[in-house]
Amino acid sequence: SSSAASDVYKRQTLLSGMGPALDGFRYSLRFWNLKFSYLHAGLDRLIIDDVTCNRYLVGHRLSWQVVPEVEVGLGEVAVYGGKGRSLELAYLNPLSLFYLEQFTQAVGDDNYLWLIDFDARPARGVRLWGQVMVDDFQYEEDLEPPMIALLGGASWADPLGLDGFSLGVEYLRVWNWVYNVPAPYTRLLYLDRPLGFPRGNDTDRWTVLAAWRFGPTFSLDLRATLDRRGEGRIENEWAAEGFTDEPFPSGTVEGSQDYRLDFAWHPTRGFTATFTAGYRAAENLENLDGAELSDFYVGLRAEYLFELR
């Protein structure tokens, strides 16, 4: 399932867990202060020039709880496939380095991505987190644009003694050609949707949050999200030349803002009712010069969690 993917990679830049549900298997093992996770799944087939190409996703991650307040992680993902390609036996070894298999086992020109992340609590109520995702190693200069994604954030609970109040900020940036490769069957897509950051590549996002928990049953969240998105897409045909000079974001840039309030009532552990109101706006919507959006929205949601014992 897609939730399995988010267990392996808890943040947004590599496997966000927000794409379609995956068909495959996963497992996690804990030993001492280490946690190891492995995921292997089939993706949708692609028909290219009347040839059916099978597609697969494999990933593993090792996290280390250095001290109770600091966790660091290393992860690797490979998207592979092609005509007549089946499950790659070399990738069934969870301890192998997938990238090295292309040299030792001749597994093909697969798409490899790597992740380094951390989560730290340096002081009471303070949390810091960050991530660097690398989509390709560059052996020669100036042949390809940066193939990386960055994420960093911070939160502060009970600031200045304000009980129940918290503040948070996060910035995410995915460069223009991340997740994309020349072979369409090894792109980080599933059913035409990104498996990484849901908005794909050539984009960045600021998120600011203020939250207040008052009384035993009420909470109020105020969130502002500022997005930019260029014309780059994961499904774009791989450029032969010239893309190293592209600006970020590229082309006609869509800029959007979303300001949202969530007021929640949770009188019992299993029941939550949430009222949502907000405003969203965009300039150059869908990267069309001059297209605009201005929209107020409201909503009411009720959830009840049944527990089977």
Side-chain angles (χ1 to χ4, degrees), residues 11-20 44 46 48 79 111 113 115 130-136 138 141-153 169-209 222-260 276-297:
R11 307 245 185 259
Q12 298 182 13
T13 59
L14 189 47
L15 296 180
S16 68
M18 299 177 68
D44 54 322
L46 290 185
I48 304 173
V79 184
N111 184 14
L113 307 98
L115 179 74
Q131 164 179 129
V132 177
M133 196 272 292
V134 180
D135 190 6
D136 192 14
Q138 302 295 322
E141 295 183 0
D142 300 326
L143 292 184
E144 294 183 2
M147 299 285 285
I148 59 175
L150 301 176
L151 180 148
V169 61
E170 182 179 80
Y171 177 71
L172 180 146
R173 175 168 175 163
V174 185
W175 266 257
N176 305 22
W177 290 86
V178 173
Y179 311 132
N180 196 348
V181 287
Y185 52 81
T186 58
R187 292 169 181 164
L188 196 65
L189 290 169
Y190 180 40
L191 300 175
D192 297 323
R193 291 175 57 187
L195 287 172
F197 183 52
R199 286 177 63 86
N201 53 12
D202 199 7
T203 186
D204 67 349
R205 166 176 290 178
W206 279 100
T207 304
V208 180
L209 173 69
L222 300 174
R223 183 188 305 266
T225 304
L226 308 178
D227 282 289
R228 294 187 302 167
R229 190 182 191 191
E231 295 183 8
R233 299 292 186 270
I234 303 173
E235 60 271 21
N236 284 359
E237 183 177 355
W238 188 262
E241 59 183 16
F243 58 0
T244 56
D245 299 323
E246 285 183 348
F248 176 87
S250 65
T252 300
V253 178
E254 175 190 285
S256 61
Q257 310 87 42
D258 189 292
Y259 306 98
R260 172 172 171 161
T276 298
Y279 171 74
R280 54 178 168 241
E283 306 83 36
N284 298 331
L285 182 66
E286 299 295 334
N287 305 106
L288 298 176
D289 189 23
E292 295 184 350
L293 170 72
S294 179
D295 183 27
F296 290 94
Y297 59 91

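Residue numbers start at 1 and run along the sequence shown.
Checking S250 against D202 by side-chain atom types alone, a donor-acceptor pair falls below 3.5 Å.
No donor-acceptor pair closer than 3.5 Å links the side chain of S256 to the backbone N or O of A281. A donor-acceptor distance shorter than 3.5 angstrom exists from the side chain of N284 to the backbone of V253, with no hydrogens or angles considered.
The shortest heavy-atom contact between W175 and F248 is CA-CE1, 4.1 Å. Looking at every heavy atom in both residues, L172 comes nearest to V174 through CD2-CG2, 3.6 Å. Minimum heavy-atom separation, E292 to L285: O-CD2, 4.3 Å. Closest heavy-atom contact between T203 and R228: OG1-O, 2.7 Å. P198 and M18 make their closest contact through CG-SD, 3.7 Å (heavy atoms, listed as atom of the first residue, atom of the second, distance). S294 approaches Y279 most closely through the heavy-atom pair OG-OH, 2.9 Å.
For the pair D135/N111, a side-chain contact is recorded, criterion being any heavy-atom separation below 4.5 Å from C-beta on.
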For this session: I would like to know whether D192 and E235 meet side-chain contact (heavy atoms from CB on, under 4.5 Å); could you show each step before the answer?
Result: CA-CA 8 Å; D192 297 323; E235 60 271 21; over 6 Å; no
For this session: Show your working on side-chain contact (heavy atoms from CB on, under 4.5 Å) between R233 and N287 and close with a plain yes or no.
Result: CA-CA 11 Å; R233 299 292 186 270; N287 305 106; 2.6 Å; yes
For this session: Under the side-chain contact (heavy atoms from CB on, under 4.5 Å) rule, what do Y190 and V79 come out as? Steps first, then yes or no, please.
Result: CA-CA 11 Å; Y190 180 40; V79 184; over 6 Å; no
For this session: Show your reasoning for whether side-chain contact (heavy atoms from CB on, under 4.5 Å) applies to L188 and I234.
Result: CA-CA 8 Å; L188 196 65; I234 303 173; 5.6 Å; no
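We find the CE-OH distance between M147 and Y179 to be 10.5 Å, quoted to the nearest 0.5 Å. Between atom CD of residue E231 and atom CG of residue N201 there is a gap of 12.0 Å, rounded to the nearest 0.5 Å. Taking OG1 of T252 as the reference point, atom CG of L288 lies at 8.0 Å (rounded to 0.5 Å). Remark: D227 CG to R205 CZ distance equals 4.0 Å, nearest 0.5 Å. Here the OG1 atom belonging to T225 is positioned 10.0 Å from the CD atom belonging to E170, to the nearest 0.5 angstrom. How far CG of L226 is from OG1 of T207: 8.0 Å, rounded to the nearest 0.5 Å.
Around the CG atom of D295, the shell of radius 6.0 Å holds more than 12 heavy atoms that belong to other residues, nucleotides or ligands. No more than 12 heavy-atom neighbours from other residues, nucleotides or ligands sit within 6.0 angstrom of CZ on R223.
Taking the six-membered ring for Trp and thresholds of 30 and 60 degrees, W206 and Y171 have ring planes inclined between 30 and 60 degrees apart.
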